[in-house]
Amino acid sequence: DTVLFRSVQEHLLERQIGSVAFDFRGNGRSTGVTGYGNYLKEADDVACVVEHMRKTHRVLGILGHSKGASSVLLYAANHAGSPPLVMAVSARFWMARDTSNRWKPHHLEALEADGRFLWRTFSGPLEKTVREYWITQGDFDERNRTDMDDAVRRLPLHRTWVLNVAGSADRVVPVEDIYAYDRTMRLAHAQSDSHVETQVVQGGTHFWASPGERAQLLGIIDKWLDRVLPLAKL
């Protein structure tokens with residue numbers, strides 16, 4: 001339930017395209033337990049939602065942001081019959097990159113002493129919603145084993161169109177990650193090069209907080225849909 005997803009859904013509705021947003025396990029209104037490195041489990045969550053929606057609707061595409069963007073790419077790589085349109089916004093490529101600057105000294109001290117620490121994040125309007133969960137060394141190991149290079153090479157790009165978008169001012173996921181996605185997709189799927197589009201929004205941040213940033217993002221999605229919907233015969 002973020003401003004970004006509400007903006008995307010409202011904009012798609014203006015195009016007469018319906019959408020459904022959901023919380024991954026252990027997040028928001030969803031039950032279950034989340035984890036710092038559970039990208040593959042979240043890819044399975046995407047599969048469950050897609051299959052559920054297919055009972056009553058035609059599913060054209062999937063969109064994910066940040067961790068969710070990497071998860072939708074893993075879903076498309078690991079699950080046969082994934083929808084033909086994939087939009088990855090602010091996706092992380094290098095999972096094993098050092099993120100120690102994200103943690104406070106007491107986090108790292110607790111990890112070394114107790115094998116885990118409690119992490120709190122804030123979201124929602126004015127960042128008043130608190131989410132907290134335990135992070136263990138096993139979570140870091142699980143994240144580091146998540147191989148996005150391998151996943152990208154297994155994407156069914158002969159029948160899938162991918163839009164990669166990131167902001168140049170993203171302080172959470174370095175902008176070079178989107179270039180890694182673009183480069184790997186094009187090298188691994190040279191015959192489907194036209195199925196990949198990558199856009200960097202100058203001044204865009206990770207959370208697309210300002211109306212101007214979101215307007216640029218929605219404009220990119222609009223132009224991409226105008227181009228690929230006829231090609232995908234949807």
Side-chain angles (χ1 to χ4, degrees), residues 2 4-5 8 24 35-40 42-43 46 62-78 85-104 107-108 119 121 123 135 139-157 160-190 192-210 212-221 223-224 227-228:
T2 65
L4 172 59
F5 275 98
V8 171
F24 286 111
Y36 180 64
N38 66 337
Y39 288 81
L40 291 172
E42 291 191 349
V46 176
I62 49 178
L63 181 151
H65 168 251
S66 191
K67 185 183 179 187
S70 301
S71 296
V72 299
L73 289 167
L74 286 165
Y75 158 73
N78 294 342
L85 306 183
V86 177
M87 291 161 275
V89 181
S90 308
R92 186 180 297 277
F93 186 88
W94 302 110
M95 297 298 174
R97 180 192 283 119
D98 180 26
T99 58
S100 58
N101 62 338
R102 172 178 288 186
W103 318 114
K104 303 292 185 182
H107 290 143
L108 302 179
W119 189 35
T121 60
S123 61
I135 295 181
D139 293 317
F140 285 109
D141 295 341
E142 182 181 23
R143 174 188 166 109
N144 292 345
R145 288 194 302 269
T146 304
D147 189 343
M148 296 309 300
D149 181 90
D150 172 71
V152 166
R153 294 177 186 278
R154 292 186 290 103
L155 286 171
L157 276 183
T160 304
W161 283 259
V162 178
L163 173 64
N164 302 302
V165 187
S168 67
D170 192 328
R171 295 184 179 180
V172 178
V173 178
V175 72
E176 55 259 31
D177 282 39
I178 194 176
Y179 294 123
Y181 274 115
D182 182 80
R183 180 174 60 253
T184 306
M185 288 179 188
R186 295 184 189 279
L187 289 176
H189 306 277
S192 302
D193 181 84
S194 63
H195 286 209
V196 179
E197 182 171 328
T198 299
Q199 297 281 350
V200 175
V201 175
Q202 293 304 310
T205 61
H206 186 74
F207 297 103
W208 305 89
S210 73
E213 292 174 66
R214 294 193 297 276
Q216 290 186 74
L217 173 62
L218 296 175
I220 289 171
I221 292 174
K223 291 180 180 179
W224 181 72
R227 181 176 71 84
V228 301

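Nothing here was measured: the structure is a model prediction, and the numbers come from that model.
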Trp94/Asp177 under side chain to side chain contact (heavy atoms under 4.5 Å, CB included): CA gap, chis, key distance, verdict: CA-CA 7 Å; Trp94 302 110; Asp177 282 39; 3.4 Å; yes
Flag side-chain contact, heavy atom, 4.5 Å: Val89 against Val8: no
pair Val228-Leu163: side-chain heavy atoms closer than 4.5 Å: no
Are any side-chain N or O atoms of [X] and backbone N or O atoms of [Y], one a donor and one an acceptor, separated by less than 3.5 Å?
{"X": "Arg143", "Y": "Asn38", "value": "no"}
{"X": "His189", "Y": "Arg154", "value": "no"}
{"X": "Tyr181", "Y": "Arg92", "value": "yes"}
{"X": "Asn164", "Y": "Val196", "value": "no"}
{"X": "Ser168", "Y": "Gly203", "value": "yes"}
{"X": "Asp193", "Y": "Arg186", "value": "no"}

Residues which pass side-chain contact (heavy atoms from CB on, under 4.5 Å) with Thr160, listed by chain and number, not counting sequence neighbours: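 With sequence neighbours excluded, Thr160 shows a side-chain contact (heavy atoms from CB on, under 4.5 Å) to Val86, Pro156, Leu157, Val162, given in chain and number order.
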Distance-only donor-acceptor check, side chains Trp208 and Thr2, under 3.5 Å: no
Minimum-distance pair of heavy atoms, taken over all atoms of Val173 and Ser90: CG2-O, 4.0 Å
Residues Arg153 and Asp149 bridged, charged N to O under 4.0 Å: yes
